[in-house]
Amino acid sequence: MLFAKLFVSVGVIASTATAFAISRSEPKVPRQGSSGPGDTLQSGWYWVRAVAAPNFHKYLQTKPANTPGTAILDSYTTAGQHNVVDGQLVANTGEGSEPLYLNVEKPTDLTQRTLSTWFNTTENTFGTFEFQGDALTWSTPEIQRQNLAAWLVCADQALFINTGAYAYDTPAGCADQTIHYYNDAHANE
């Protein structure tokens, strides 16, 4: 599997590739009870967090950590480690464990304002993730979005893709957010 590492320097983005060998024949550690990658950022991975109120420095993750479930923004103490690989947002679940992938709801009505997101063991089949600068974006040719980096955080800190205008007609109970990678050794408040 090929992991792309992004480096931002003076506004220029350079991409280098580092190959990580993952043997599918080795036994994998079950996710239940897995401690995950730890609280020190692993090489080739990023923290992903909001940078504006009301979710300032809330980090992308699931509860319980490193298991399939609803994507949420929550405390730095349980932050997940992520990267974009071949258009997939991948969650590092720890050495010897299979990764998780951020999935996006594909509604029947493509004009729907909020698209739910969740982490699963299967790759996302709707749309493509990428970092634009340090902002995490999602796009699909099927939905024209004004801001590819627009997200919503709603009840229980659940993360949704915002298909409408950022900070305009925000659904009740939700907050507009953009989320960004952060590559310090440790997540922080």
Side-chain angles (χ1 to χ4, degrees), residues 1-17 45-62 68-74 79-91 99-183:
M1 184 175 274
L2 186 67
F3 286 83
K5 236 184 185 178
L6 298 176
F7 296 93
V8 178
S9 175
V10 193
V12 177
I13 300 174
S15 179
T16 60
W45 298 95
Y46 300 97
W47 311 112
V48 175
R49 67 184 185 181
V51 295
N55 293 292
F56 182 73
H57 288 189
K58 299 291 184 186
Y59 289 78
L60 184 58
Q61 57 193 281
T62 59
T70 300
I72 63 171
L73 292 185
D74 210 352
Q81 298 183 26
H82 305 89
N83 202 348
V84 174
V85 181
D86 298 327
Q88 299 286 327
L89 183 69
V90 182
L100 295 174
Y101 301 90
L102 188 62
N103 281 248
V104 177
E105 170 190 12
K106 184 173 185 179
T108 304
D109 176 6
L110 292 174
T111 64
Q112 180 176 313
R113 177 65 187 267
T114 58
L115 303 180
S116 61
T117 64
W118 67 96
F119 282 97
N120 203 349
T121 56
T122 57
E123 291 187 4
N124 179 48
T125 59
F126 185 49
T128 303
F129 293 97
E130 93 180 90
F131 286 119
Q132 291 184 356
D134 67 350
L136 181 63
T137 66
W138 176 85
S139 64
T140 179
E142 297 172 78
I143 299 174
Q144 299 306 307
R145 297 175 66 207
Q146 295 177 9
N147 182 343
L148 300 180
W151 299 81
L152 293 165
V153 179
C154 301
D156 300 320
Q157 293 300 110
L159 184 67
F160 293 81
I161 290 174
N162 179 358
T163 63
Y166 184 85
Y168 179 77
D169 283 342
T170 303
C174 297
D176 285 280
Q177 294 293 161
T178 58
I179 54 178
H180 305 262
Y181 80 73
Y182 174 68
N183 61 356

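Values below: every heavy atom of this structure, side chains too, minus hydrogens, waters and symmetry copies. For reference, positions follow the sequence shown, starting with 1. This one's a predicted model, so the numbers in the text were calculated from it and none came from an experiment.
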Looking at every non-hydrogen atom in both residues, tell me the closest pair between [X] and [Y] and how far apart they are.
X    : Y    : answer
A71  : L60  : CB-CD1, 4.1 Å
A91  : F119 : CB-CE2, 3.8 Å
W138 : L115 : CH2-CD1, 3.8 Å
C174 : L152 : CB-CD2, 4.2 Å
N103 : N120 : ND2-CB, 3.6 Å
Q177 : A53  : OE1-O, 3.8 Å

Examine distances only and state if a side-chain atom of Q88 and a backbone atom of N124 form a donor-acceptor pair shorter than 3.5 Å.
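A pair under 3.5 Å: yes.
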
Between Q157 (side chain only) and C154 (backbone N and O only), is there a donor and an acceptor less than 3.5 Å apart?
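Such a contact is absent between Q157 side chain and C154 backbone.
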
Once you measure the plane-to-plane angle for Y46 and Y181, does it fall in the parallel (<30°), tilted (30-60°) or perpendicular (>60°) bin?
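Ring orientation, 0 to 90° scale: tilted.
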
To the nearest 0.5 Å, how far apart are [atom1] in [X] and [atom2] in [Y]?
X    : Y    : atom1 : atom2 : answer
H180 : T137 : NE2   : OG1   : 11.0 Å
K58  : I72  : NZ    : CD1   : 10.0 Å
N147 : T178 : CG    : OG1   : 8.0 Å
N55  : L159 : CG    : CG    : 9.5 Å
T117 : L89  : OG1   : CG    : 9.5 Å
Q61  : W47  : CD    : CH2   : 10.0 Å

Below 4.5 Å, heavy atoms only, C-beta onward: do [X] and [Y] meet side chain to side chain?
X    : Y    : answer
P68  : L100 : yes
L73  : Y59  : no
F126 : P107 : yes

Quick check on side-chain hydrogen bond (donor to acceptor under 3.5 Å, both in side chains): which of T163, T170, N162 does R113 satisfy it with?
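When side-chain hydrogen bond (donor to acceptor under 3.5 Å, both in side chains) is applied between R113 and each of T163, T170, N162, only N162 qualifies.
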
Side chain to side chain contact (heavy atoms under 4.5 Å, CB included) assessment of V84 paired with L136
CA-CA 9 Å; V84 174; L136 181 63; 3.9 Å; yes

Which residues share a salt bridge (charged side-chain N to carboxylate O under 4.0 Å, His left out) with D176, sequence neighbours left out
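D176 satisfies salt bridge (charged side-chain N to carboxylate O under 4.0 Å, His left out) with no other residue.
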
Going through the distances and angles, do I161 and W151 end up as a side chain to side chain contact (heavy atoms under 4.5 Å, CB included)?
CA-CA 5 Å; I161 290 174; W151 299 81; 3.5 Å; yes

Taking the six-membered ring where the residue is Trp, are the ring centres of F129 and H82 under 6.0 Å apart?
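For F129 and H82, the ring centres are not under 6.0 Å apart.
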
